[in-house]
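Side chains included, hydrogens not; waters and symmetry mates left out as well; all remaining heavy atoms used. Order of the sequence lines fixes the chain letters, A, B, ..., with proteins taken first and strands second; residue numbering starts at 1 for each chain.
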Amino acid sequence: MSGSRAAPAFPERFARLRGDARIAVYIDLKSPYAYLAIGPTRDLCRRLDVAIDWRPFTLDIPSYLGSARLAKDGKTVESSQRSNEQWSGVRYAYRDARRYARLRDLTIRGTVKIWDSSLAGIAMLWAKRRGALDRFLDEAYPPFWRRELDIEDASVLEAVLARAEIDATGFRDWARGEGRQLHDRSNAEAFDAGVYGVPTYLVEDEVWFGREHLPRIEWILLGRAGRAPEVANRSFRR
Amino acid sequence: MTGGATSASERLTIALDLRSPFSYLALRPSFELVDETGVEVEWLPVRALTLSPPSRPGPGDDRGVRHRRYRAEMLAREIEVYAAAQGLTIEGPYRDGGADAVHLAWLWLRDGAPARFRAFLEEAFGRYWSRKLDPEQLDDVSALLDELALDGARFRHWADRDGPAALSASQARAAELGLLQAPAYRWQGELFLGRQHLPMLRWLLSGRSGEVPI
């Protein structure tokens with residue numbers, strides 16, 4: 001690793017995964033960091049007049065962070081297969097997400113369990129096919145993070161689609177068949193390429209995990225002019 | 001740097017580990033933050049977990065193993081790209097061993113010659129990541145201090161006599177503050193892991209004025 005080198009080579013598979021989109025962003029409803037990233041990502045891309053290809057990526061949290069479930073009071077740990085280090089990391093992540101959320105009047109409550117958000121991912125694909133994914137995200141993220149949505153319940157997701165003014169007729173059947181297959185295939189393709197968390201950004205040949213890389217993504221989208229910026233959780237609202 | 005009239009809660013604590021490439025990446029931006037805000041800082045050397053290289057793919061790899069490999073690959077890319085952006089040389093981000101001799105000089109200068117502290121830290125990080133400094137050898141670190149027109153012999157005397165206690169107190173202080181990773185920042189009881197929080201710290205230190213971090 002040397003400061004004299006130009007941009008390093010990113011594996012070609014990331015550019016292939018991005019496809020025709022100028023920027024593709026993987027998100028999951030159950031990730032507070034994905035929630036926090038949506039606003040600034042939109043601000044940046046609106047300013048640069050770049051369309052965002054949002055893609056659902058259902059995190060398999062127990063595979064890397066252990067599993068846990070809280071009791072109904074939302075505070076007591078009912079069951080846990082997490083190490084102290086994993087707990088410490090999870091607690092810090094929520095504290096961190098909350099302090100940024102507060103600055104934007106967003107509510108992030110701790111979850112009581114690790115949700116299977118695949119059905120929500122399928123609903124994202126349903127909304128995306130109807131050109132209304134942004135509306136769906138706006139109707140789904142805030143109530144989910146206020147603990148008002150059971151995202152494993154198809155009827156709850158149908159109601160979210162309805163609030164986003166998206167016709168949900170046939171959603172349930174689609175979610176059991178073609179939608180599920182599409183979701184699982186897209187998830188597997190992303191993971192096989194090396195996407196492991198959200199938000200993950202694909203832009204040109206580069207891949208980045210976390211909204212702190214938005215300054216670099218802006219720099220890339222603007223043609224890499226001038227000095228490459230540092231990582232920073234900063235605003236893109238102008 | 002460690003202002004006598006400033007209470008601990010008004011000081012920003014910055015925890016770095018010489019052996020952490022992310023600490024090296026945070027060094028210059030952290031000094032810039034200090035320069036811009038004029039905040040009193042307690043610079044704390046810590047022993048963070050060192051990075052592990054990505055594992056080699058194997059036929060029995062489960063999702064967790066692959067996840068950790070992808071994460072390690074992403075971190076390696078991040079180090080390479082952002083080191084290049086800052087014009088830094090990072091030769092081999094995966095290092096074993098300690099850094100006690102450098103961390104001792106860090107404490108000695110921080111408390112005894114704060115005006116020269118920054119120059120030493122920049123030089124020590126630069127040489128270590130170019131493989132030109134053994135951070136466990138007191139002789140090497142004393143020689144570096146001499147090169148910087150500091151008193152290597154005096155440091156050596158202090159390190160032999162008071163060093164172990166100073167290092168131990170410093171490690172206890174890091175543990176007490178929950179600063180076990182690097183780079184990490186602590187301001188008014190709040191912990192921030194990683195240099196991506198510098199805009200937030202800048203905003204807090206400026207009385208919550210200016211651009212709001214996201």
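Heavy-atom distances place both the backbone and the side chain of A:F191 under 4.5 Å from chain B. Interface residue B:R71: backbone and side-chain heavy atoms are both found under 4.5 Å from chain A. Proximity to chain A (any heavy atom under 4.5 Å) is shown, for B:P213, by both the backbone and the side chain. Contact of A:P229 with chain B is made through the backbone alone, with heavy-atom distances under 4.5 Å. In this structure, the portion of A:D96 lying under 4.5 Å from any heavy atom of chain B is its side chain and not its backbone. Residue contact with chain B, scored on non-hydrogen atoms closer than 4.5 Å, involves the backbone and the side chain of A:R99 alike. For A:R227, the part sitting under 4.5 Å from any heavy atom of chain B is the side chain, from C-beta outward, and nothing else.
Classified by interplanar angle (parallel below 30°, tilted 30° to 60°, perpendicular above 60°), the ring pair B:F125/B:Y24 is parallel.
Seen from the ring of B:W129, B:R95 counts as a face-on cation partner, given the 6.0 Å and 45° thresholds. Figure legend: A:R211 and A:F236 shown without cation-pi pairing, the cationic atom not lying both under 6.0 angstrom from the six-membered ring centre and within 45 degrees of its axis.
At least one donor-acceptor pair under 3.5 Å links the side chain of A:Y33 to the backbone N or O of A:A93.
Ranked by non-hydrogen atom pairs under 4.5 Å with chain A, the options B:R68, B:E73, B:R66 are led by B:R66. Among the candidates B:E78, B:Q86, B:R208, B:Q181, the residue making the largest number of heavy-atom pairs closer than 4.5 Å to chain A is B:E78. Residue with the most contacts toward chain B among A:F209, A:W208, A:Y92: A:Y92 (heavy-atom pairs, distance under 4.5 Å). When the candidates B:L180, B:V65, B:L25, B:L193 are compared by the number of heavy-atom contacts under 4.5 Å with chain A, B:L193 comes out ahead.
Salt bridge annotation for A:R46-A:D43: present, with a cationic side-chain nitrogen under 4.0 angstrom from a carboxylate oxygen. A salt bridge between A:D53 and A:R18 is absent, with no side-chain N of the basic residue lying under 4.0 Å from a carboxylate O of the acidic one.
Annotation: the span from B:R47 atom CZ to B:D17 atom CG amounts to 9.5 Å, rounded to 0.5 Å.
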